[in-house]
Structures are given as C-alpha cells and as structure tokens.
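To start, the structure under review is shown below, and the notes come after it.
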2 protein chains.
Amino acid sequence: MARVCLAGDCDSDGEGAADGLAQRVIRLRKGEPLYLLGDPLAALFAVRVGTVKTHVATEDGRTQVVGFHFPGEVVGLDSIGRRQYASYATALEDTKVCMIPMDVLRPLAACTPALASRVFRALDGYAQRTRALQTLLALMTAEERLVTFLLWISEGLAARGFSSSEFILRMSREEIGSYIGLTLETVSRQFSRLAECGLIRVKHRSVALVDKAGLRAIADRSAISPIPPGTNRRRGGEQRVPAQAVRTSAAAWATRTQPATAAMQADNPKINPFAWEAGNGQQ
Amino acid sequence: MARVCLAGDCDSDGEGAADGLAQRVIRLRKGEPLYLLGDPLAALFAVRVGTVKTHVATEDGRTQVVGFHFPGEVVGLDSIGRRQYASYATALEDTKVCMIPMDVLRPLAACTPALASRVFRALDGYAQRTRALQTLLALMTAEERLVTFLLWISEGLAARGFSSSEFILRMSREEIGSYIGLTLETVSRQFSRLAECGLIRVKHRSVALVDKAGLRAIADRSAISPIPPGTNRRRGGEQRVPAQAVRTSAAAWATRTQPATAAMQADNPKINPFAWEAGNGQQ
DNA sequence: CGCTTCTTTGACTTTGTTCAATACATGTGG
DNA sequence: CCACATGTATTGAACAAAGTCAAAGAAGCG
C-alpha cells in the first residue's frame, strides 16, 4: 500500500528524482475514463485507491475487459512501447491514481538502471499475468475460471494486507464474465452453484470464501504442472537423447559463472494477475 | 531471415560484442525438446530455421500450446525475469536455433543501451501478442479464431518474405486447437467449412488462402476497434467532463517536450503474433 | 511395404449462450 | 424519508455451439 507509484523504493539510488515520477494525482469518479484507446501515450498511472479496468471493443460491438487494476498496480503497461494507448481505462469506483508522465519516465529510466529494471520487471509481470489468463481462457471450464478468478482476487487482497476470505467485488457480473470469457448469466449461475455447494457465500457483490481448500482443489485441476514432459507422446517424442545434451550444455552456461545461483532456485511460483506488483515481485 | 539472433542489426553501436551473443547453434530434430519447464533459465534462443512450440500442461493432463516460434523469433521470452523456464519448448520440425546465454545477455544489456532496448521491445512484443490471444480466446467464435490464426500465419510469412497465400502448416490440428482454445475436431471441421465456402483450399497441412478479403472480413468482425467509447453505457458513463480535463493534461505532457513526435503518430497497428519480431517492429 | 500417426467425418452429449421474466439494490428526486 | 427509477443480479427454458466418442481414410516414417 505504501509502495505505490513505481518509485516507491527507488531511493536505493538516492536520486530523489525518481520520487518526482509521480507528477500529479488524478481523481476519477465511478465510470470515468482515465484514457481512451488511441489517445497519445502520455503517461502511465499508478493506482492509489480504487479500481480501474482496462478494456477494448470489437468492430461488431463485443466488449472485452483485458485487465483489472488495484491499488499498487500500474495502468498503461499494455501500451508501453507504443505511441497510443492500446485500450480504454475506466474507473470502476471513485479512484485516485498518480500520473507518471512518459516524458519523465523515459529519460529518467534511461539513466537510472534501478528504475529501468523496475519498469522492465513491471512489463514482465504484465506479460506473466496475461499468459496466466491465456491458459485460463484456453482450457478451463466455467467453474474453474470463476474459482481461479476469485482466488486471484483473494490473493491480491492478501498481498495488500486485506482480508482474503471476505471481500466486495468492485466489478459487475458482466465485467467479470468479459474478463474470463463467459457471459454474465453463466457467471451468475456459477456463483450460485458454488454457494449451493457450500464453497462460498455470495450476496450480490460481497463474497466470502468459505471453503478455500475446496476452491483450491477446483483451481488446481487446471493449474500448470511441471511434472509431465508435455504434449508429444509420439514415438519420436522419446528422442530426448541429444536434447539431454543440449539442455546440459545450456545449463552449463548457468553454472559456469554462478553455480550457487542455480542451486538456490525456488520452485516455479504461481502467477496471480492481482498479486503481482503488490508483493515485491517474486523474483 | 537475415535479421536473426537478436543482435542482427546491433552493429549500430559498433560493439561487435553484441554479435557474440549467438554463442552457439543448436540443432533439434522433430519432436525434440529445447528446454523443459522448470529447467534453470540458462539462455534465450533465436530460431534460425524450423519451428518451435512453447507449451504447458495442467495437473489433470490437459495441454496448452502457448506459442509458436518461427525463424527470426526469440524463444524463452515468457521466462525472462524468472529463474526457471515457465514452459516447455519443443521443435515441431527439424530446427536450428542459436543460443543466447543469459550470462552473456544480462551483463551486456546492462552496459549496452541499444541491446537493452532491443530486449525490452522483444518483451513488449511478447506481451502484445499474448494480449491479442487473450481477446481471441475470450470473445471469438471457432470460425473467427481459425481465420484469425491463418491470417496471422500468413502475415508472418509475408513479413519474412514468403508466400502469404499458400503455405504448409508445421503444426498438427491438435496443436492449433490447443493454441486457439478448440479441440482438434473443431479445428478440422472449421477447415472443411472454410474450404466449402471457397475461402481457402486445404489438403492436410497445406493451405491456400483463396479469398483473403473474405477471410479478413470474418476476422475483422472481432478486430479491436478504436471507435466506440467502450463498455459503460450507463447514465454516469457520460460524466466525461473532468475526464476530458485529465486527458488533456495528460496529453499536455506529451506535447510539452516533443510536440512533433505527437504529430507524426501512426494509427494503432494490428497485433500479429507471428509477424512481430520478423518485421522491424512497428514502433 | 507395413505400421503409426494424423486427419476427416458422423452421431450424440455437454456446456454455455440467448432470450426473457422476475427480483434485488442503490441512489435520486420528490 | 420514502417511493420510484435504473442499473444489476438471479433464474428458467429453449437453443446453439463446441466437445466427446468413435470409426474410417490418408500421409508420413521407418
């Protein structure tokens, strides 16, 4: 909560300039746009309080929420490297964001390695989150999608120090559905169904996760697993002999200069779209 | 095709060191893994010839292709910023890649701004592609997905100087389906259906795009459009008054230091997962 | 040349969508 | 402060789209 505005702990390089990043605080009321798709990319925005959604629309009027952004997170990363915003950003409730002008960020990042790496990690985090969504959308059932979504929200809240088992959703059923690739009716039905099973309690937008273990069991069915070798069970799939050699040689590069580093590697951490930037970034 | 191995046109900084990035060429036969999920992140790989898929698997055995990688593209970007590979990488056909060891890339990028920015753009490109997939998976029908996929392939080939209207797919129906969130049967049926309509010709893995305009019309239905203000048609949705002020002030930042730049902005380019890195990156 | 894998196609089932009606909150104005 | 209006949520029934199961035909590979 304190680590807001990208420059939060940038004092490591004692610049002071980095703190100047947050040029200005902007207040948005519920439903107000922060920027529109196609607007010149003038700034990134760090959410201070409130919630922002980023979204796009298709030619024929379908709509797609591409991201929800909670306090501590940066809005606009999906447009970095472009000249114009690639999505709309709209406040879901009364919200305060601080503006990080690109004209300040760019030159400053160019001469401040710590800041550059911070931006880099933020972008990497964005990519990770989007990929988690990719798998959610490609191979989860409606139930798994909603459960996974709820757990993401829950973990995001926990990372920010709030109750992770009882919370109020800031977005409508339609927005949830749009985000996880379902219709609002299906979302609503899944909510009811989970409540029937005693896994959660729902009353409109307030949700209580009653049986977290049960929920996690559902989500874990579709969780990415490091165990099986992958798709190809073809006969040729076992031609791993030379591959072994390749991997060994690749690994050799890692070991050559920093053998200790290789040893103290942790497990693959789970990706959570809503807990990424709030925590100190698990890398 | 010539611009391979990340350092392709890095001679701008005359380092020479950048060209040393491609430490080693690795040959893979069809079906061979390049790396496994969980392996220590030792290197990125640039595809020289052939095709690589990156993929993951869930606890209960479902499989998901998260990316196809063609000549000129980098494999492993989804794992940058982590200590271990976040997916499997497997050759779809006999393939040559060159290895870019992280131990070389990291320090070199740290002191070579041109290279750092190159890596940054590659990561940005990866994020863009993943987001294009996100919308594909969330709101396209089976037909739109396959058509969009085919057009991506086609444009990717065109960007690399090959025929964009006739080509041979390197991946199976199952792999296509896994990538675009469908079963292999549905993919096959959609192929047949498109052929029936005279939009394409298919014979197993060789595809000819007969009526590109027709195909594009299908894909455009679900193409992202900058026109409508977005989701919220709520009464409060028109509270754009202060937002206008916000946007104006945000835009002012852009104009302040580089007014000319703002003026020569191009349209939002289309995102194409398979033409991104081959072309010189549309930004 | 024979085996395996991949692709196509058919019949049927499941899942989620669509259309529609009702109920629930919230916030606004009388 | 209450009543009404509006957007939001729930639920039902019919429908459509894609998934599953199954079998047969075509390519590729050893």
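Numbered from 1 within each chain, the chains take letters A, B, ... in sequence-line order.
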Regarding A/Glu155 and A/Arg216, does a basic nitrogen lie under 4.0 Å from an acidic carboxylate oxygen?
yes
Without decimals, in angstroms, what is the distance between B/Gln190 CD and D/dA16 C1'?
13 Å
Please report, rounded to the nearest Å, how far the P atom of D/dA18 is from the CZ atom of B/Arg145.
8 Å
Could you tell me whether B/Glu143 and B/Arg189 make a salt bridge, using a distance below 4.0 angstrom between a side-chain N and a carboxylate O?
no
Given axes from five pairs at either end, by how many degrees does the helix from C/dC1-D/dG30 to C/dG30-D/dC1 bend, rounded to 10°?
40°
So what does B/Gly177 touch, heavy atoms closer than 4.0 Å: a base, only the sugar-phosphate, or nothing?
nothing
Taking only the side-chain heavy atoms of B/His204 (C-beta and beyond), determine which of C/dT7, D/dT10, D/dG19 contains the nearest atom.
C/dT7
C/dT9 phosphate, OP1 or OP2, under 4.0 Å from B/Ser192 side-chain N/O:
yes
Nearest-angstrom distance from the residue atom CE of A/Met140 to P of D/dG19:
16 Å
Salt bridge flag under 4.0 Å for residues A/Glu93 and A/Arg170
yes
Answer yes or no: does a side-chain N or O of A/Thr183 lie under 4.0 Å from OP1 or OP2 of C/dT17?
yes
Check this one for me: any side-chain N or O of B/Ser188 less than 4.0 Å away from OP1 or OP2 of C/dT8?
yes
Please state how far atom CG in A/Leu92 lies from atom P in D/dT8, giving the value in whole angstrom units.
11 Å
Measuring to OP1 and OP2 of D/dT10, would you say a side-chain N or O of A/Arg189 lies under 4.0 angstrom away?
no
Pick base, sugar-phosphate or nothing for A/Leu184, based on heavy-atom distances below 4.0 Å to the nucleic acid.
nothing
Answer yes when A/Arg131 and B/Asp78 have at least one side-chain N-carboxylate O distance shorter than 4.0 Å, and no when they do not.
yes
Strictly below 4.0 Å: does B/Arg205 bring a side-chain N or O up to OP1 or OP2 of C/dC6?
no
Grab the CZ-C1' distance between A/Arg173 and C/dT17 for me, whole Å please.
18 Å
Taking D/dT10, D/dA18, C/dT17 as options, the one with an atom nearest any side-chain atom of B/Thr141 is D/dA18
Please report, rounded to the nearest Å, how far the P atom of D/dG7 is from the CD atom of A/Glu175.
14 Å
Side-chain heavy-atom pair B/Pro71, B/Lys96 within 4.5 angstrom cut-off
no
Provide the closest heavy-atom pair for B/Arg62 versus A/Met140 in the form atom of the first, atom of the second, distance.
NH1-CA, 4.0 Å
Ranking A/Glu185 and A/Glu143 by the position along DNA chain C of their nearest nucleotide, the one closer to 5' is A/Glu143
Mind calculating the distance between NZ (B/Lys30) and C1' (D/dG30) to the nearest angstrom?
13 Å
Given the side-chain rings of B/Phe68 and B/Tyr179, with only the six-membered ring counted for Trp, is the space between their centroids under 6.0 Å?
yes
B/Lys203 vs D/dA27: side-chain N/O to OP1/OP2 distance below 4.0 Å:
yes
Atom CD of B/Glu174 and atom C1' of D/dG19: how far apart are they, to the nearest Å?
14 Å
Which atom of B/Gln190 lies closest to which atom of B/Leu146, heavy atoms considered
CB-CD2, 3.6 Å
